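Got a structure for you, questions after.
Just so we're clear, the structure is a prediction, and the values are computed from it rather than from any experiment. Order of the sequence lines fixes the chain letters, A, B, ..., with proteins taken first and strands second; residue numbering starts at 1 for each chain.
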Amino acid sequence: MKSMEKIVSLCKRRGFLFQSSEIYGGVQGCWDYGPLGVELKRNLKEAWWQDMIAGHNELLKPDTAPSSFEMVGLDCTIIMHPQVWKCSGHFDLFHDHMVDCKESKKRYRFDQVRGRWVEYQDKKIFVSTLAEIETELDDVRRRGMKFFRLRNKDADKITIGDESITLDKLDSTTEVLAPDAKNLDTLTEPREFNLMFKTTLGALGGEEDATFLRPETAQGIFVNFKNVLDSSRVRVPFGIGQIGKSFRNEITPRNFTFRSREFEQMEIEFFCHPNQSQEWYRYWRDRRLNWYVSLGLSSDSLIMREHHQEELAHYSVGTADIEYAFPFLPEGEYGELEGIAHRGDFDLRSHMEGKLDPSTSPMTVELNEHGKPKYRGSGKDLSYRDEILGEKFVPHVIEPSAGADRGVLAFLCEAFTEDEAPDEKGKMQTRTVMRLHPRIAPIKAAVFPLVKKDGMPEVAREIYGDLKKHMTVFYDEKGAVGRRYRRQDEAGTPFCITVDTETLENQTVTVRDRDSLEQSRIHMDELAAELQKRIGGV
RNA sequence: GCGGGUGUAGUUCAAUGGUAGAACAUCAGCUUCCCAAGCUGAAUACGAGGGUUCGAUUCCCUUCACCCGCUCCA
């Protein structure tokens with residue numbers, strides 16, 4: 001049985017994950033990687049970088065891709081110019097105003113709750129509802145009548161306002177019947193929930209120097225688009241990848257590292273011709289799903305969830321989430337590992353012209369009450385000139401955005417297995433094994449002398465030293481060999497190399513496989529090559 | 001942010017208004033030729049702050065963290 005409790009406890013016990021600042025009681029939503037965890041996470045990030053960026057061959061067209069393409073990397077700062085977040089839309093989106101209902105204890109986005117004025121005799125109240133647009137009027141009528149204790153036959157005695165308006169357009173909430181309340185005036189004052197971490201540039205900085213820790217790494221790529229074009233001779237279609245920390249002040253961090261306040265992203269912004277964006281979207285969506293499977297996530301536990309048309313910004317051809325059946329979720333529910341979004345030209349154009357209004361088509365710059373751009377863009381030309389087509393255009397963007405910490409968590413959950421094997425007394429013992437893919441396993445191989453005598457430790461140490469030049473290895477000569485095997489099972493080490501009597505005679509060692517428990521005999525000199533073959537990847 | 005629950009050793013759990021125990025894990029030694037064996041020994045814990053009390057890990061308050069449900073999740 002995979003329980004989150006067991007996984008969390010193993011992570012702590014073996015040094016995969018610790019709570020941040022634990023000796024002071026911990027900090028909500030912050031987690032540290034221990035000695036094993038840091039290797040696992042590094043391996044995952046390196047596998048991503050290798051498979052997406054460094055190892056990409058721009059000369060060959062992948063089978064399923066519309067054409068060949070280039071990939072380059074980037075590493076941007078966490079603190080950026082404040083205007084970046086205004087034009088990206090994060091400044092507005094992350095400054096939600098929320099109200100709490102004192103009666104129902106529910107919380108609502110202030111600008112998302114709508115309703116109508118309802119009048120009966122001398123009394124006028126504002127009935128709010130979360131119902132869909134189509135059923136909104138009926139819901140307001142029903143709740144309004146209930147409030148005034150009217151029967152169906154009295155339906156015409158109340159007057160319902162023609163206009164459906166949101167709470168933020170009201171002067172006060174004292175006459176408001178909250179969506180889940182029976183009484184009036186149960187809402188608190190709207191309060192700001194700032195989901196971005198505010199910080200200050202410069203030691204003496206005041207409010208005008210305020211900026212934010214980035215809530216995503218993507219914007220660093222967009223604002224460097226021109227720099228990359230000018231310096232690296234890449235041509236559309238091409239992608240820019242980045243791995244780095246991002247910060248979101250989550251209201252309710254929970255579920256171990258799944259929703260952390262400080263987390264690491266692995267993002268690609270892929271720039272292509274608008275006419276080809278749909279094909280590229282499908283290519284990246286399928287390729288990214290396969291990547292997780294190739295590293296050992298079971299396809300039964302993964303789903304690709306395409307967002308419905310109504311969830312999409314109008315400029316987007318599609319957005320899909322790759323989701324994993326985390327053990328802390330109820331049966332049949334999935335948590336997001338990665339989102340692949342078609343972003344059109346929203347980002348590049350917003351950084352050129354000023355923040356666009358995504359609800360307009362074609363998109364125009366969002367204006368303030370004076371008819372000026374609400375947030376001014378950089379004014380720099382971020383379009384692309386295709387010399388072959390003789391065409392100038394703003395590329396469309398496909399964004400595969402993965403959470404590194406969520407990936408690590410998914411692989412930990414997937415790897416955790418318990419099986420039962422009889423010990424030498426015939427008593428059943430539980431064996432805990434982390435079946436991590438050899439490519440991401442923190443330790444690739446452990447080296448043991450079978451016993452701590454007869455010159456076996458000396459030979460084993462020599463092998464250890466040689467292997468260390470090629471991969472992460474672990475040396476252990478303490479206690480019974482069975483116990484040492486079990487320890488490595490919990491760490492997810494795929495191979496254990498044991499020096500025995502035969503080694504002293506013919507220089508062969510046994511290689512024990514973590515999953516099959518099978519042992520094969522290999523000559524010492526071939527060990528590094530053989531292990532690298534079995535680990536796969538690069 | 002709301003409601004409920006839980007905080008004791010590295011882990012999983014006991015007990016107690018007056019000296020805090022166990023199992024496994026860890027370390028040292030002996031033993032050991034292939035899957036958590038055995039023997040001997042060792043180290044290690046009451047989340048934090050305040051209050052009540054002669055005395056608090058235990059009772060009370062506050063706080064922090066974790067778990068469950070709601071809420072939120074661009």
Side-chain angles (χ1 to χ4, degrees), chain A residues 3-6 8-15 18-31 34 85 88-96 98-109 112 130 180 188 191 193-196 215-216 218 246 248-256 258-261 311 313 319 321 328 330 335-336 339 341 358 401 421-433 448-454 456 477-490 496-504 509-514 517-519:
Chain A
S3 76
M4 212 50 213
E5 254 171 76
K6 284 183 178 175
V8 172
S9 145
L10 179 135
C11 284
K12 170 89 194 290
R13 185 156 39 86
R14 300 258 68 143
F18 307 125
Q19 208 177 348
S20 169
S21 320
E22 200 193 72
I23 60 168
Y24 287 108
V27 182
Q28 208 182 20
C30 297
W31 299 89
W85 308 115
S88 70
H90 289 90
F91 186 79
D92 286 343
L93 272 169
F94 276 40
H95 279 68
D96 291 340
M98 310 289 287
V99 286
D100 291 308
C101 175
K102 288 174 248 179
E103 182 184 317
S104 67
K105 304 294 182 198
K106 286 179 189 281
R107 172 175 296 162
Y108 312 97
R109 281 263 287 275
Q112 279 189 351
L130 294 173
D180 300 284
T188 60
R191 285 179 288 184
F193 281 76
N194 195 340
L195 295 179
M196 286 198 288
E216 63 170 34
S246 292
R248 295 177 195 183
N249 224 337
E250 300 287 353
I251 296 167
T252 314
R254 210 173 275 195
N255 289 329
F256 206 22
F258 183 76
R259 181 163 289 130
S260 298
R261 286 179 161 147
E311 288 180 77
T319 292
D321 288 343
F328 51 77
E336 183 185 345
S401 167
D423 64 14
E424 51 185 34
K425 289 177 184 162
K427 201 176 125 200
M428 291 307 274
Q429 297 281 352
T430 304
R431 180 175 86 118
T432 304
V433 196
F448 310 143
L450 188 57
V451 289
K452 199 166 54 175
K453 59 181 184 186
D454 302 336
M456 289 181 205
E477 58 179 32
K478 292 167 199 150
V481 73
R483 177 185 305 236
R484 285 178 265 158
Y485 285 145
R486 294 293 181 92
R487 263 198 288 253
Q488 293 307 314
D489 289 340
E490 278 198 344
C496 290
I497 293 132
T498 306
V499 170
D500 57 12
T501 326
E502 214 177 316
T503 312
L504 307 175
V509 292
T510 63
V511 178
R512 177 251 198 195
D513 182 275
R514 176 194 67 204
L517 298 180
E518 275 165 18
Q519 287 184 307

Interatomic distance at C1', B:rA25 relative to B:rG47, whole Å: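 My reading of the C1' atoms in B:rA25 and B:rG47 gives 22 Å.
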
Whole-angstrom distance between B:rG21 and B:rC46, as gauged at atom C1':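 Each nucleotide's C1' atom is 13 Å from the other's.
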
Quick one: which protein N/O atoms are closer than 3.5 Å to N/O atoms of nucleotides 44-47 of chain B? Pair and distance per line, please.
none

Heavy-atom closest pair, residues A:Asp454 and A:Leu504: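 Heavy-atom minimum between the residues: O-CD1, 3.4 Å.
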
Rounded interatomic separation in angstrom, taking CZ from A:Arg261 and P from B:rC64: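 Those two atoms, CZ and P, are 11 Å apart.
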
Minimal non-hydrogen separation, A:Gly29 against A:Pro253, with atom names: CA-CB, 3.6 Å

Proximal nucleotide (of B:rA65, B:rA37, B:rU11) relative to the A:Arg13 side chain: B:rU11

For atom NZ of A:Lys6 and atom P of B:rG10, their distance in whole Å: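 Going from NZ in A:Lys6 over to P in B:rG10 covers 22 Å.
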
Residue whose closest nucleotide on RNA chain B lies nearer the 5' end, A:Val8 versus A:Glu5: A:Glu5

Which nucleotide in B:rU11, B:rG69, B:rC34 has an atom nearest any side-chain atom of A:Arg254: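 Given the options B:rU11, B:rG69, B:rC34, the side chain of A:Arg254 is closest to B:rG69.
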
Interatomic distance at P, B:rU12 relative to B:rG7, whole Å: 12 Å

Rounded distance in Å between the P positions of B:rC54 and B:rU11: 37 Å

Distance, C1' atom - from B:rC34 to B:rA15, rounded to whole angstrom: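 It comes out at 42 Å once rounded to the nearest Å.
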
Candidates B:rC35, B:rG10, B:rA65 - which lies nearest the side chain of A:Gln28: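 Taking heavy atoms from C-beta onward, the closest nucleotide is B:rA65.
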
Sugar-phosphate, base or nothing in reach of A:Leu517, heavy atoms under 4.0 Å: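 If one applies the 4.0 Å heavy-atom cut-off, A:Leu517 turns out to touch a base.
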
Heavy-atom pair of closest approach, residues A:Gly25 and A:Gln19: O-NE2, 4.3 Å

Interatomic distance where CZ belongs to A:Phe448 and P belongs to B:rA36 [whole Å]: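 These atoms are roughly 13 Å apart.
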
Under-4.0 Å side-chain N/O to phosphate OP1/OP2 contact, A:Arg483 with B:rA37: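 Yes, such a contact exists.
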
Sugar-phosphate, base or nothing in reach of A:Met456, heavy atoms under 4.0 Å: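 Contact class for A:Met456: base.
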
Partner set under salt bridge (Lys or Arg N to Asp or Glu O under 4.0 Å) for A:Glu490, not counting sequence neighbours: A:Arg13, A:Arg14

Show each protein N/O and nucleotides 27-32 of chain B N/O combination with a separation under 3.5 Å, one pair to a line.
none

Least distance between heavy atoms, A:Met4 atom then A:Phe256 atom: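 So the minimum-distance heavy-atom pair works out to CE-CD2, 3.8 Å.
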
Expected output: side-chain A:Arg261 to main-chain A:Gln28 donor-acceptor under 3.5 Å: yes

Test salt bridge (Lys or Arg N to Asp or Glu O under 4.0 Å) applied to A:Arg487 - qualifying residues, sequence neighbours left out: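 A:Arg487: salt bridge (Lys or Arg N to Asp or Glu O under 4.0 Å) contacts with A:Asp476.
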
Rounded distance in Å between the P positions of B:rG17 and B:rU58: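 After rounding to an integer number of Å, I get 11 Å for this pair.
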
Output field: ring centroids A:Phe258/A:Phe328 closer than 6.0 Å: yes

Whole-angstrom distance between B:rC24 and B:rG38, as gauged at atom P: 8 Å

A:Leu517 side, atom CG; A:Tyr485 side, atom OH - distance, nearest 0.5 Å: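 Interatomic distance, A:Leu517 CG to A:Tyr485 OH, rounded to 0.5 Å: 10.0 Å.
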
Atom-pair distance (CG on A:Asp489; P on B:rA25), nearest Å: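 The distance from CG of A:Asp489 to P of B:rA25 comes to 14 Å, rounded to the nearest Å.
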
Value in whole Å for how far the P atom of B:rA65 lies from CD of A:Gln19: 8 Å

Sugar-phosphate, base or nothing in reach of A:Phe256, heavy atoms under 4.0 Å: sugar-phosphate

Which residue lies more 5' along RNA chain B, comparing A:Gly26 with A:Glu490 via nearest heavy atoms: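 It is A:Glu490, whose closest nucleotide lies nearer the 5' terminus.
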
Span that lies between the C1' atom of B:rC61 and that of B:rA20, in whole angstrom: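 To the nearest whole Å, 25 Å.
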
Non-neighbouring partners of A:Lys452 that pass salt bridge (Lys or Arg N to Asp or Glu O under 4.0 Å), sequence neighbours left out: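 Listed in chain order: nothing, the list is empty.
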
A:Lys12 NZ - B:rG7 P separation (whole Å):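 Going from A:Lys12 (NZ) to B:rG7 (P), I get 16 Å.
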
Secondary-structure notation, RNA chain B, from Watson-Crick and G-U pairs under 3.5 angstrom (| other strand): (((((((..((((....[..)))).(((((.......)))))....(((((..]....))))))))))))....

Straight-line distance of A:Glu216 CD to A:Met196 CE, nearest 0.5 Å: 10.0 Å

Per A:Ser9 side chain, nearest of listed nucleotides B:rU12, B:rC35, B:rA25: B:rU12

Sugar-phosphate only, base, or nothing, as touched by A:Glu502 at under 4.0 Å among non-hydrogen atoms: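 Contact class for A:Glu502: none.
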
Gap between atom CZ of A:Arg512 and atom CG of A:Asp489 - 0.5 Å precision: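 Spacing of CG (A:Asp489) from CZ (A:Arg512) equals 4.0 Å.
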
Over all atoms of both residues, closest heavy-atom pair of A:Arg484 and A:Phe448: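 Scanning both residues completely, I find the closest heavy atoms to be NH1-CB, 3.3 Å.
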
Base of B:rA36 paired with side chain of A:Arg486 (donor-acceptor, under 3.5 Å):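 Donor-acceptor pair under 3.5 Å: yes.
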
Distance in angstrom units between A:Asn255 CG and B:rA65 P, rounded: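 Roughly 16 Å, once rounded to whole Å.
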
Nearest atoms (heavy-atom pairs only) where A:Val499 meets A:Met456: O-SD, 3.5 Å

